Amino acid sequence: MSMEISEDIVIVGAGIAGLATALGLHRLGLRSLVLESSPCLRVTGAAFTTWTNAWQALDALGIGDSLRRQHPRLQGLVAMSIISGDPVAEIAFTAKGTSEQHEVRCLKRKVLLETLAKELPTGTIRFSSKVVSIEDSGSLKLLHLVDGSILKTKVLIGCDGVNSPVAKSLGFKKPSFVGRSTIRGYAVFEEKHGFEPKSMQFMGDGFRYGIIPCDDTSIYWFFAFSSSGQDKELEENPLKMKQFVLNNLGKVPNKIKNVIDTTKLDDLICSPLRSESVGDTIWRHK
Ligand SMILES: Cc1cc2nc3c(=O)[nH]c(=O)nc-3n(C[C@H](O)[C@H](O)[C@H](O)COP(=O)(O)OP(=O)(O)OC[C@H]3O[C@@H](n4cnc5c(N)ncnc54)[C@H](O)[C@@H]3O)c2cc1C
(Lines give C-alpha, C1' and ligand atoms only; values in the text may rest on other atoms or scores of the structure.)
Protein backbone atom coordinates (compact mmCIF):
# COMPACT_ATOMS: atom_id res chain seq x y z
CA MET A 1 0.00 0.00 0.00
CA SER A 2 1.28 3.46 -0.82
CA MET A 3 1.91 5.99 1.91
CA GLU A 4 0.91 9.64 1.71
CA ILE A 5 3.28 12.20 3.20
CA SER A 6 2.47 15.92 3.31
CA GLU A 7 5.00 18.60 2.47
CA ASP A 8 4.75 22.38 2.10
CA ILE A 9 7.25 22.80 -0.74
CA VAL A 10 8.54 20.09 -3.06
CA ILE A 11 11.20 20.72 -5.70
CA VAL A 12 11.62 18.08 -8.41
CA GLY A 13 15.25 17.66 -9.56
CA ALA A 14 18.55 18.06 -7.71
CA GLY A 15 20.37 19.75 -10.60
CA ILE A 16 21.70 23.30 -10.42
CA ALA A 17 18.24 24.90 -10.58
CA GLY A 18 16.71 22.60 -7.93
CA LEU A 19 19.55 22.91 -5.42
CA ALA A 20 19.87 26.68 -5.90
CA THR A 21 16.11 27.09 -5.34
CA ALA A 22 16.21 24.92 -2.20
CA LEU A 23 19.17 26.91 -0.86
CA GLY A 24 17.49 30.24 -1.62
CA LEU A 25 14.39 29.10 0.28
CA HIS A 26 16.54 27.82 3.16
CA ARG A 27 18.27 31.21 3.45
CA LEU A 28 14.77 32.71 3.79
CA GLY A 29 13.94 30.19 6.53
CA LEU A 30 11.71 28.01 4.36
CA ARG A 31 12.05 24.23 4.38
CA SER A 32 11.71 22.31 1.14
CA LEU A 33 12.13 18.73 -0.02
CA VAL A 34 14.10 18.03 -3.21
CA LEU A 35 13.23 14.82 -5.08
CA GLU A 36 15.97 13.42 -7.32
CA SER A 37 15.54 10.40 -9.57
CA SER A 38 19.17 9.24 -9.47
CA PRO A 39 20.62 7.46 -6.43
CA CYS A 40 23.23 10.18 -5.78
CA LEU A 41 24.16 13.72 -6.84
CA ARG A 42 24.77 13.79 -10.63
CA VAL A 43 28.19 15.40 -10.50
CA THR A 44 29.32 14.37 -13.98
CA GLY A 45 29.75 16.97 -16.69
CA ALA A 46 32.39 19.60 -17.03
CA ALA A 47 31.98 23.32 -16.33
CA PHE A 48 30.23 26.57 -17.26
CA THR A 49 31.42 30.01 -18.22
CA THR A 50 29.73 32.08 -15.51
CA TRP A 51 29.28 35.85 -15.86
CA THR A 52 28.59 38.73 -13.47
CA ASN A 53 24.88 37.97 -13.10
CA ALA A 54 25.61 34.35 -12.14
CA TRP A 55 28.11 35.53 -9.51
CA GLN A 56 25.51 37.92 -8.13
CA ALA A 57 23.09 34.97 -7.82
CA LEU A 58 25.77 32.84 -6.14
CA ASP A 59 26.51 35.73 -3.73
CA ALA A 60 22.81 35.96 -2.89
CA LEU A 61 22.95 32.26 -1.99
CA GLY A 62 26.03 32.88 0.17
CA ILE A 63 28.41 30.65 -1.80
CA GLY A 64 30.04 33.17 -4.18
CA ASP A 65 33.27 33.70 -2.26
CA SER A 66 34.11 30.07 -1.59
CA LEU A 67 33.60 29.33 -5.31
CA ARG A 68 35.67 32.38 -6.33
CA ARG A 69 38.63 31.03 -4.36
CA GLN A 70 38.62 27.89 -6.50
CA HIS A 71 38.08 29.57 -9.88
CA PRO A 72 40.42 32.42 -10.96
CA ARG A 73 38.95 35.25 -12.95
CA LEU A 74 39.22 35.12 -16.76
CA GLN A 75 40.76 38.20 -18.34
CA GLY A 76 39.18 38.16 -21.78
CA LEU A 77 38.29 36.22 -24.88
CA VAL A 78 40.46 35.30 -27.85
CA ALA A 79 38.71 34.23 -31.06
CA MET A 80 40.67 32.14 -33.56
CA SER A 81 39.99 30.86 -37.06
CA ILE A 82 40.55 27.10 -37.46
CA ILE A 83 40.95 27.63 -41.20
CA SER A 84 43.86 30.09 -41.08
CA GLY A 85 45.03 29.20 -37.58
CA ASP A 86 45.21 32.94 -36.78
CA PRO A 87 43.64 34.93 -33.94
CA VAL A 88 40.83 37.07 -35.41
CA ALA A 89 39.82 39.09 -32.36
CA GLU A 90 40.76 39.67 -28.76
CA ILE A 91 38.09 41.08 -26.48
CA ALA A 92 38.43 42.28 -22.90
CA PHE A 93 35.51 41.56 -20.58
CA THR A 94 34.69 45.25 -20.18
CA ALA A 95 31.06 46.17 -19.43
CA LYS A 96 29.51 48.31 -22.21
CA GLY A 97 29.87 52.05 -21.63
CA THR A 98 32.02 51.66 -18.50
CA SER A 99 35.58 50.76 -17.61
CA GLU A 100 34.35 48.03 -15.28
CA GLN A 101 35.26 44.44 -16.02
CA HIS A 102 32.63 41.72 -16.17
CA GLU A 103 33.32 39.01 -13.65
CA VAL A 104 33.84 35.88 -15.74
CA ARG A 105 35.07 32.55 -14.40
CA CYS A 106 34.86 28.98 -15.59
CA LEU A 107 32.98 27.17 -12.85
CA LYS A 108 33.32 23.39 -12.42
CA ARG A 109 29.91 21.70 -12.42
CA LYS A 110 30.90 19.17 -9.75
CA VAL A 111 32.21 21.86 -7.39
CA LEU A 112 29.05 23.96 -7.88
CA LEU A 113 26.67 21.05 -7.23
CA GLU A 114 28.60 19.83 -4.19
CA THR A 115 28.82 23.33 -2.72
CA LEU A 116 25.07 23.88 -3.13
CA ALA A 117 24.26 20.45 -1.63
CA LYS A 118 26.64 20.91 1.34
CA GLU A 119 24.87 24.11 2.42
CA LEU A 120 21.46 22.43 2.62
CA PRO A 121 20.12 20.97 5.86
CA THR A 122 20.57 17.18 6.10
CA GLY A 123 17.66 15.30 4.59
CA THR A 124 16.68 18.06 2.14
CA ILE A 125 17.49 15.89 -0.89
CA ARG A 126 15.70 12.57 -1.29
CA PHE A 127 17.54 10.42 -3.84
CA SER A 128 16.14 7.50 -5.90
CA SER A 129 12.83 9.37 -5.93
CA LYS A 130 11.69 9.66 -9.50
CA VAL A 131 8.37 11.46 -9.98
CA VAL A 132 6.33 9.46 -12.50
CA SER A 133 3.07 11.39 -12.50
CA ILE A 134 1.40 14.44 -11.00
CA GLU A 135 -2.25 14.79 -10.06
CA ASP A 136 -4.34 17.73 -8.82
CA SER A 137 -6.10 17.27 -5.50
CA GLY A 138 -8.00 20.45 -4.70
CA SER A 139 -5.38 23.12 -4.10
CA LEU A 140 -2.70 20.47 -3.49
CA LYS A 141 -0.59 18.41 -5.89
CA LEU A 142 -0.19 14.65 -5.53
CA LEU A 143 3.16 13.30 -6.69
CA HIS A 144 3.41 9.63 -7.56
CA LEU A 145 6.93 8.29 -7.15
CA VAL A 146 8.48 5.32 -8.94
CA ASP A 147 8.48 3.21 -5.75
CA GLY A 148 4.69 3.57 -5.48
CA SER A 149 4.73 6.16 -2.69
CA ILE A 150 2.67 9.34 -2.94
CA LEU A 151 3.64 12.81 -1.73
CA LYS A 152 1.18 15.63 -1.17
CA THR A 153 2.45 19.18 -1.50
CA LYS A 154 1.13 22.72 -1.30
CA VAL A 155 3.84 24.11 -3.60
CA LEU A 156 5.45 22.20 -6.46
CA ILE A 157 8.56 23.58 -8.16
CA GLY A 158 9.78 21.89 -11.34
CA CYS A 159 13.57 21.90 -11.76
CA ASP A 160 13.63 18.58 -13.55
CA GLY A 161 15.53 19.47 -16.71
CA VAL A 162 14.69 19.01 -20.38
CA ASN A 163 12.33 16.02 -20.03
CA SER A 164 10.46 17.60 -17.14
CA PRO A 165 7.31 15.77 -15.99
CA VAL A 166 6.35 18.94 -14.09
CA ALA A 167 6.43 21.02 -17.31
CA LYS A 168 4.49 18.24 -19.07
CA SER A 169 1.80 18.30 -16.36
CA LEU A 170 1.45 22.07 -16.94
CA GLY A 171 0.91 21.46 -20.66
CA PHE A 172 4.27 22.84 -21.85
CA LYS A 173 5.52 21.67 -25.23
CA LYS A 174 8.50 19.32 -25.41
CA PRO A 175 11.79 21.17 -26.01
CA SER A 176 12.84 20.90 -29.65
CA PHE A 177 16.21 19.73 -30.99
CA VAL A 178 18.14 22.66 -32.49
CA GLY A 179 20.10 20.64 -35.07
CA ARG A 180 23.37 20.84 -33.18
CA SER A 181 25.08 18.68 -30.57
CA THR A 182 27.87 19.48 -28.18
CA ILE A 183 30.66 17.30 -26.89
CA ARG A 184 31.99 18.59 -23.57
CA GLY A 185 35.16 17.60 -21.81
CA TYR A 186 37.19 18.36 -18.75
CA ALA A 187 40.97 17.93 -18.90
CA VAL A 188 43.00 17.63 -15.71
CA PHE A 189 46.77 18.18 -15.97
CA GLU A 190 49.30 16.83 -13.46
CA GLU A 191 51.22 20.08 -13.62
CA LYS A 192 50.24 23.63 -14.62
CA HIS A 193 48.79 23.65 -18.15
CA GLY A 194 50.42 27.00 -18.98
CA PHE A 195 47.42 28.64 -20.70
CA GLU A 196 46.58 32.25 -19.86
CA PRO A 197 43.28 32.77 -17.98
CA LYS A 198 41.41 33.58 -21.21
CA SER A 199 38.44 32.02 -22.95
CA MET A 200 39.67 30.69 -26.32
CA GLN A 201 36.99 30.37 -28.99
CA PHE A 202 37.61 28.62 -32.31
CA MET A 203 35.41 28.74 -35.39
CA GLY A 204 35.26 27.71 -39.04
CA ASP A 205 34.18 24.77 -41.25
CA GLY A 206 30.79 24.34 -39.50
CA PHE A 207 32.39 23.73 -36.11
CA ARG A 208 32.64 25.97 -33.11
CA TYR A 209 34.57 25.10 -30.03
CA GLY A 210 35.94 26.65 -26.90
CA ILE A 211 38.83 25.93 -24.55
CA ILE A 212 38.51 27.63 -21.19
CA PRO A 213 40.79 27.24 -18.15
CA CYS A 214 38.94 26.60 -14.84
CA ASP A 215 42.15 27.02 -12.82
CA ASP A 216 45.92 26.40 -13.25
CA THR A 217 45.59 22.65 -13.75
CA SER A 218 42.17 22.02 -15.30
CA ILE A 219 40.50 23.06 -18.53
CA TYR A 220 36.88 22.90 -19.71
CA TRP A 221 36.22 22.53 -23.40
CA PHE A 222 33.18 22.18 -25.64
CA PHE A 223 32.86 21.25 -29.30
CA ALA A 224 29.60 22.13 -31.11
CA PHE A 225 28.69 20.61 -34.45
CA SER A 226 25.69 20.13 -36.77
CA SER A 227 24.04 16.76 -36.22
CA SER A 228 20.83 14.77 -36.58
CA GLY A 229 20.75 14.27 -32.81
CA GLN A 230 20.31 10.54 -33.55
CA ASP A 231 23.93 9.42 -33.73
CA LYS A 232 23.81 7.00 -30.77
CA GLU A 233 27.13 5.45 -31.78
CA LEU A 234 28.89 8.77 -31.25
CA GLU A 235 26.80 9.94 -28.26
CA GLU A 236 27.45 6.78 -26.27
CA ASN A 237 31.08 6.14 -27.15
CA PRO A 238 33.62 8.52 -25.53
CA LEU A 239 36.48 7.11 -27.61
CA LYS A 240 34.56 7.99 -30.81
CA MET A 241 33.76 11.46 -29.39
CA LYS A 242 37.42 12.13 -28.67
CA GLN A 243 38.49 10.93 -32.13
CA PHE A 244 35.77 13.03 -33.80
CA VAL A 245 36.94 16.17 -32.00
CA LEU A 246 40.64 15.50 -32.70
CA ASN A 247 39.88 14.96 -36.42
CA ASN A 248 38.00 18.25 -36.72
CA LEU A 249 40.09 20.70 -34.70
CA GLY A 250 41.42 22.34 -37.89
CA LYS A 251 44.63 24.34 -38.07
CA VAL A 252 45.51 24.91 -34.43
CA PRO A 253 48.69 24.61 -32.32
CA ASN A 254 49.58 21.22 -30.81
CA LYS A 255 48.96 22.46 -27.29
CA ILE A 256 45.24 22.71 -28.21
CA LYS A 257 45.25 19.09 -29.43
CA ASN A 258 46.98 18.15 -26.19
CA VAL A 259 44.01 19.45 -24.14
CA ILE A 260 41.68 17.03 -25.95
CA ASP A 261 44.25 14.21 -25.73
CA THR A 262 44.68 14.74 -21.97
CA THR A 263 40.93 14.42 -21.33
CA LYS A 264 40.07 11.06 -19.76
CA LEU A 265 37.26 9.11 -21.46
CA ASP A 266 35.16 9.32 -18.27
CA ASP A 267 35.29 13.12 -18.52
CA LEU A 268 33.61 13.35 -21.93
CA ILE A 269 29.89 13.84 -22.50
CA CYS A 270 27.86 14.41 -25.68
CA SER A 271 24.44 16.09 -25.64
CA PRO A 272 22.03 16.99 -28.42
CA LEU A 273 21.10 20.65 -27.80
CA ARG A 274 17.42 21.31 -27.14
CA SER A 275 15.56 24.53 -26.69
CA GLU A 276 12.31 25.35 -24.95
CA SER A 277 9.80 27.52 -26.78
CA VAL A 278 10.01 31.10 -25.51
CA GLY A 279 6.27 31.31 -24.75
CA ASP A 280 6.54 28.28 -22.52
CA THR A 281 9.19 29.77 -20.32
CA ILE A 282 6.82 32.55 -19.29
CA TRP A 283 5.01 31.86 -16.04
CA ARG A 284 1.54 30.39 -16.55
CA HIS A 285 -1.20 29.68 -14.01
CA LYS A 286 -3.15 26.49 -14.18
C1 LIG B 1 24.91 15.14 -15.85
C2 LIG B 1 24.90 16.51 -16.51
C3 LIG B 1 26.11 17.12 -16.94
C4 LIG B 1 26.10 18.39 -17.54
N5 LIG B 1 27.31 18.97 -17.90
C6 LIG B 1 27.32 20.24 -18.40
C7 LIG B 1 28.56 20.91 -18.70
O8 LIG B 1 29.62 20.39 -18.48
N9 LIG B 1 28.52 22.18 -19.22
C10 LIG B 1 27.33 22.81 -19.49
O11 LIG B 1 27.35 23.94 -19.97
N12 LIG B 1 26.15 22.19 -19.20
C13 LIG B 1 26.13 20.92 -18.67
N14 LIG B 1 24.94 20.30 -18.36
C15 LIG B 1 23.72 21.04 -18.62
C16 LIG B 1 23.44 21.98 -17.48
O17 LIG B 1 23.80 21.46 -16.25
C18 LIG B 1 21.96 22.24 -17.51
O19 LIG B 1 21.55 22.66 -18.78
C20 LIG B 1 21.63 23.36 -16.58
O21 LIG B 1 22.34 23.21 -15.43
C22 LIG B 1 20.16 23.28 -16.29
O23 LIG B 1 20.04 22.84 -14.96
P24 LIG B 1 18.74 22.27 -14.40
O25 LIG B 1 18.93 22.17 -12.93
O26 LIG B 1 17.57 23.05 -14.93
O27 LIG B 1 18.59 20.82 -15.04
P28 LIG B 1 19.50 19.53 -14.89
O29 LIG B 1 20.90 19.87 -14.57
O30 LIG B 1 19.21 18.69 -16.10
O31 LIG B 1 18.87 18.82 -13.60
C32 LIG B 1 17.60 18.18 -13.59
C33 LIG B 1 17.62 17.15 -12.49
O34 LIG B 1 16.31 16.62 -12.36
C35 LIG B 1 16.37 15.22 -12.21
N36 LIG B 1 15.11 14.69 -12.71
C37 LIG B 1 14.66 14.67 -14.00
N38 LIG B 1 13.45 14.10 -14.08
C39 LIG B 1 13.11 13.76 -12.81
C40 LIG B 1 11.97 13.13 -12.24
N41 LIG B 1 10.96 12.72 -13.00
N42 LIG B 1 11.93 12.92 -10.89
C43 LIG B 1 12.97 13.32 -10.10
N44 LIG B 1 14.10 13.92 -10.60
C45 LIG B 1 14.15 14.14 -11.93
C46 LIG B 1 17.57 14.81 -13.05
O47 LIG B 1 18.11 13.56 -12.65
C48 LIG B 1 18.54 15.96 -12.78
O49 LIG B 1 19.39 15.73 -11.68
C50 LIG B 1 24.90 19.06 -17.75
C51 LIG B 1 23.67 18.46 -17.33
C52 LIG B 1 23.66 17.20 -16.71
C53 LIG B 1 22.33 16.60 -16.21
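These numbers were taken from a predicted model, which means no experiment stands behind them.
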For the backbone of Leu156 and the side chain of Thr153, can you confirm whether one donor and one acceptor N or O come within less than 3.5 Å of each other? no
Main-chain N/O of Thr50 paired to Trp55 side chain as donor or acceptor, under 3.5 Å: yes
Check Trp221 against Thr263 and note the closest heavy-atom contact, atom names and distance. NE1-OG1, 2.9 Å
Would a 4.5 Å heavy-atom cut-off, applied to side chains only, mark Asp136 and Lys141 as touching? yes
Can Leu41 be reached from Leu107 by stepping across I, L, V, M, F, W or Y side chains whose heavy atoms are under 4.5 Å apart? yes
When clusters are formed by joining ILVMFWY residues with side-chain heavy atoms under 4.5 Å apart, either directly or through shared neighbours, do Val245 and Leu268 land in the same one? yes
Same cluster or not: are Tyr186 and Leu265 linked, directly or through other Ile, Leu, Val, Met, Phe, Trp or Tyr residues, by side-chain heavy atoms under 4.5 angstrom apart? no
So does Lys118 pair up with Glu114, basic N to acidic O under 4.0 Å? no
Under 4.5 Å side-chain heavy-atom separation, chaining through any Ile, Leu, Val, Met, Phe, Trp or Tyr, what else clusters with Met203? Say none if it is isolated. none
For the OG1 atom of Thr115 and the NZ atom of Lys110, what is their distance to the nearest 0.5 Å? 10.0 Å
For Ile83, what are the other residues in its hydrophobic cluster, where any two members join if their side-chain heavy atoms are less than 4.5 angstrom apart? none
Minimum heavy-atom separation for Glu235 to Cys270, with atom names? CG-SG, 3.7 Å
Looking only at heavy atoms, the pair that brings Val78 and Met80 closest together is CG1-CE, 3.8 Å
Atom pair NZ (Lys168) and NZ (Lys173), whose distance is rounded to the nearest 0.5 Å: 15.5 Å
Out of the candidates Phe225, Phe202, Phe223, Phe222, only one should pair with Phe207 under the ring-ring contact (aromatic ring centres under 6.0 Å, His included) rule; please name it. Phe223
When you look at Thr217 and Glu190, which way does the side-chain contact (heavy atoms from CB on, under 4.5 Å) test go after all the steps? CA-CA 7 Å; Thr217 54; Glu190 279 174 19; over 6 Å; no
Would you say Leu74 and Leu77 are hydrophobically clustered, going by side-chain heavy atoms of ILVMFWY under 4.5 Å? yes
Heavy-atom pair of closest approach, residues Pro165 and Ile134: O-CD1, 3.7 Å
Quick one: side chains of residues 249-262, donor-acceptor pairs under 3.5 Å with protein atoms, not counting sequence neighbours, listed by atom name and distance.
from   : atom 1 : to     : atom 2 : distance (Å)
Asn258 : OD1    : Thr262 : OG1    : 3.4
Thr262 : OG1    : Asn258 : O      : 2.5

Please report the C-alpha distance between Phe189 and Ile219 in whole Å, then the side-chain angles of each, then the deciding distance to 0.1 Å, and finally whether the side-chain contact (heavy atoms from CB on, under 4.5 Å) criterion is met. CA-CA 8 Å; Phe189 291 76; Ile219 293 186; 4.0 Å; yes
Any donor-acceptor pair under 3.5 Å linking the side-chain atoms of Ser137 with those of Glu135? no
Close side-chain approach of Glu119 to Arg27, heavy-atom, < 4.5 Å: yes
If we ignore hydrogens and angles and just use 3.5 Å, is the side chain of Arg109 paired with the main-chain N or O of Thr44 as donor and acceptor? yes
Nearest heavy-atom pair of Phe127 and Cys40: which atoms, and what distance? CE2-C, 3.4 Å
Whether the side chain of Lys264 engages the backbone of Val188 through a donor-acceptor N/O pair (distance < 3.5 Å, no angle test) should be reported. no
Connected-component partners of Val178 among ILVMFWY, side-chain separation under 4.5 Å: Leu273
Qualifying residue, where the test is side-chain hydrogen bond (donor to acceptor under 3.5 Å, both in side chains) with Asp215 and the options are Lys108, Gln70, His193, Lys192: Lys108
Has Ser149 got a side-chain atom pairing as donor or acceptor with Leu145's backbone, closer than 3.5 angstrom? no
So how far is it from Tyr209 OH to Ile82 CD1, rounded to the nearest 0.5 Å? 5.0 Å
Under the side-chain contact (heavy atoms from CB on, under 4.5 Å) criterion, do Leu35 and Asp160 qualify, and how do the steps go? CA-CA 9 Å; Leu35 300 176; Asp160 41 352; over 6 Å; no
Show every ring pair (Phe, Tyr, Trp, His ring centres under 6.0 Å) that has at least one partner inside residues 8-39, sequence neighbours left out. none
What distance do Ser32 atom OG and Ile11 atom CD1 have between them, rounded to the nearest 0.5 Å? 3.5 Å
Spell out, as yes or no, whether a donor-acceptor pair under 3.5 Å connects the side chain of Thr124 to the backbone of Thr122. no
Close side-chain approach of Ser199 to Ile212, heavy-atom, < 4.5 Å: yes
Residues Ile157, Leu25; criterion side-chain contact (heavy atoms from CB on, under 4.5 Å); working and verdict: CA-CA 12 Å; Ile157 303 176; Leu25 292 171; 4.3 Å; yes
How long is the span from the OG atom in Ser37 to the CZ atom in Arg42, to the nearest 0.5 Å? 6.5 Å
Answer yes if Ile91 and Trp51 sit in the same cluster of Ile, Leu, Val, Met, Phe, Trp and Tyr residues linked by side chain heavy atoms under 4.5 Å apart, and no otherwise. yes
Flag the pair Gln243 / Asn237 as yes when at least one side-chain heavy-atom distance between them is below 4.5 Å, and no otherwise. no
Closest non-hydrogen atom pair, Pro39 against Ser128: CA-OG, 3.3 Å
Going by atom type alone, with no hydrogens or angles, which donor-acceptor pairs under 3.5 Å involve a side-chain atom of residues 97-106 and a protein atom two or more places apart or on another chain?
from   : atom 1 : to     : atom 2 : distance (Å)
Thr98  : OG1    : Ala95  : O      : 3.1
Thr98  : OG1    : Glu100 : N      : 3.1
Gln101 : NE2    : Thr94  : OG1    : 3.1
Glu103 : OE1    : Arg68  : NH2    : 3.2
Glu103 : OE2    : Arg68  : NE     : 2.6
Glu103 : OE2    : Arg105 : NE     : 2.8
Glu103 : OE2    : Arg105 : NH2    : 2.8
Arg105 : NH1    : His71  : O      : 2.8

So, do Ile63 and Leu116 sit near enough that their side-chain heavy atoms are less than 4.5 Å apart? yes
Value rounded to 0.5 Å, distance of CG in Asp8 from CZ in Arg31: 8.0 Å
Does the Arg184 side chain pair with the main chain of Ile269, one donor and one acceptor, at a distance under 3.5 Å? no
With a 4.5 Å heavy-atom cut-off, do Ile125 and Leu19 have their side chains touching? yes
